[in-house]
2 protein chains.
Amino acid sequence: MNELPQIPEDRIKAASQGLRAIAHELRLSVLCLLLERPMCVHELIEATGAAQSNLSQHLSKMRMLGILENEKRGQEVIYRIANPAFADLVHALKFIYCPEMCVAPKGEG
Amino acid sequence: MNELPQIPEDRIKAASQGLRAIAHELRLSVLCLLLERPMCVHELIEATGAAQSNLSQHLSKMRMLGILENEKRGQEVIYRIANPAFADLVHALKFIYCPEMCVAPKGEG
DNA sequence: TAATTATATTAGCAACATGTAATATTATAT
DNA sequence: ATATAATATTACATGTTGCTAATATAATTA
């Protein structure tokens with residue numbers, strides 16, 4: 001009678017895994033920062049105030065999940081968002097949780 | 001020099017909490033179902049195949065977080081999405097993880 | 001080569017999340 | 001009142017996650 005749209009299990013699994021990957025204060029902060037531009041680890045440390053080892057582990061986790069990618073530049077390692085889907089998601093989140101930061105990006109009237 | 005847009009800590013906290021709330025296969029499935037229409041618990045049980053107690057706990061969690069709301073109707077309890085932000089989020093997810101389910105909602109040509 | 005800087009890895013513990021089983025509650029019907 | 005159906009709650013065992021501290025690696029400089 002009512003045809004509910006069954007979402008395939010593997011999609012649900014992938015989506016919830018993706019969500020879990022960003023559902024963490026520090027990881028989300030990092031993603032918001034990287035939304036602006038790629039950054040090296042110590043910039044991220046400074047901006048977030050996280051402990052080096054801790055941040056490194058979170059970066060590593062996100063890299064393994066394909067969310068971030070990195071590039072070595074001298075002794076620095078520069079991280080950026082690898083998967084545009086996650087950039088979209090984080091943008092959507094900013095719209096929801098920080099609407100005032102999403103209007104009128106620069107200049108005014 | 002570079003003015004990074006600092007996102008307030010409480011927003012990050014709220015957003016990551018919201019994400020955690022839906023970053024679970026069963027909870028996400030439920031949200032996708034409720035995106036279509038409100039449903040009572042045994043419909044959700046049937047549609048998801050979850051154990052009654054288990055589902056009930058997840059519903060309760062989402063209700064306490066303000067994601068869902070419910071209404072008693074006889075001995076049934078009908079759940080619906082209470083917070084439109086979460087409907088938006090789940091929609092965004094569907095676009096990312098199930099694009100083919102998001103085009104041409106009904107009819108064609 | 002030794003010291004320094006930048007980053008990664010490992011180990012271990014504490015906190016939290018999840019599922020199941022059992023039980024409780026509430027409404028309806030007999 | 002009893003039985004049944006629908007849902008909620010509790011307790012507990014297990015698994016997962018996250019943090020810190022310590023250590024390792026790699027590049028740079030002296």
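Chain letters run A, B, ... following the sequence lines, proteins first and then strands; every chain starts at 1.
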Can you give each donor-acceptor pair under 3.5 Å made by side-chain atoms of residues 59-75 of chain B, sequence neighbours left out, with the distance rounded to 0.1 Å?
from: B:Glu69; atom 1: OE2; to: B:Arg80; atom 2: NH1; distance (Å): 3.1
from: B:Asn70; atom 1: ND2; to: B:Tyr79; atom 2: OH; distance (Å): 3.2
from: B:Glu71; atom 1: OE1; to: B:Arg80; atom 2: NH2; distance (Å): 2.7

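- Of all the heavy atoms in A:Ser16 and B:Glu25, the pair that sits closest is OG-CG, 3.2 Å.
- In terms of heavy atoms, A:Phe86 sits closest to A:Gly18 at CE2-O, 3.6 Å.
- The minimum heavy-atom distance between B:Ala50 and B:Leu55, with the atom names listed, is CB-CB, 4.2 Å.
- B:Val41 and B:Ile78 end up in different hydrophobic clusters when Ile, Leu, Val, Met, Phe, Trp and Tyr side chains are linked at under 4.5 Å.
- Distance, B:Leu55 CG to C:dG19 P: 11 Å, rounded to whole Å.
- Between B:His58 and the phosphate of C:dG19, there is a side-chain N or O to OP1/OP2 separation shorter than 4.0 Å.
- Listed pair B:Lys61 / C:dT18 meets the phosphate criterion, a side-chain N or O lying under 4.0 Å from OP1 or OP2.
- Across all strands shown, the partner of C:dC13 is D:dG18, judged by Watson-Crick or G-U wobble contacts whose two distances both fall under 3.5 Å.
- Taken together through direct or relayed side-chain contacts under 4.5 Å among Ile, Leu, Val, Met, Phe, Trp and Tyr, A:Phe95 and A:Leu31 form parts of separate hydrophobic clusters.
- Positionally, the nearest nucleotide of DNA chain D for A:Ala51 lies more toward the 5' end than for the other of A:Gly74 and A:Ala51.
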Base-contact (B) and sugar-phosphate-only (S) positions in nucleotides 2-14 of chain D, heavy-atom cut-off under 4.0 Å, - elsewhere
---BSBBBB----

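- Computed from coordinates, the A:Met62 CE to D:dT17 P distance equals 15 Å when rounded to whole Å.
- Hydrophobic cluster membership is shared by B:Met101 and B:Leu33, with clusters built from Ile, Leu, Val, Met, Phe, Trp and Tyr side chains linked at under 4.5 angstrom.
- Annotation: proximity of residues 8-27 of chain B to DNA chain C (heavy atom, distance under 4.0 Å) is found for B:His24, B:Arg27, numbered in ascending order.
- Between the NE2 atom of A:His58 and the OG atom of A:Ser29 there is a distance of 10.5 Å, given to the nearest 0.5 Å.
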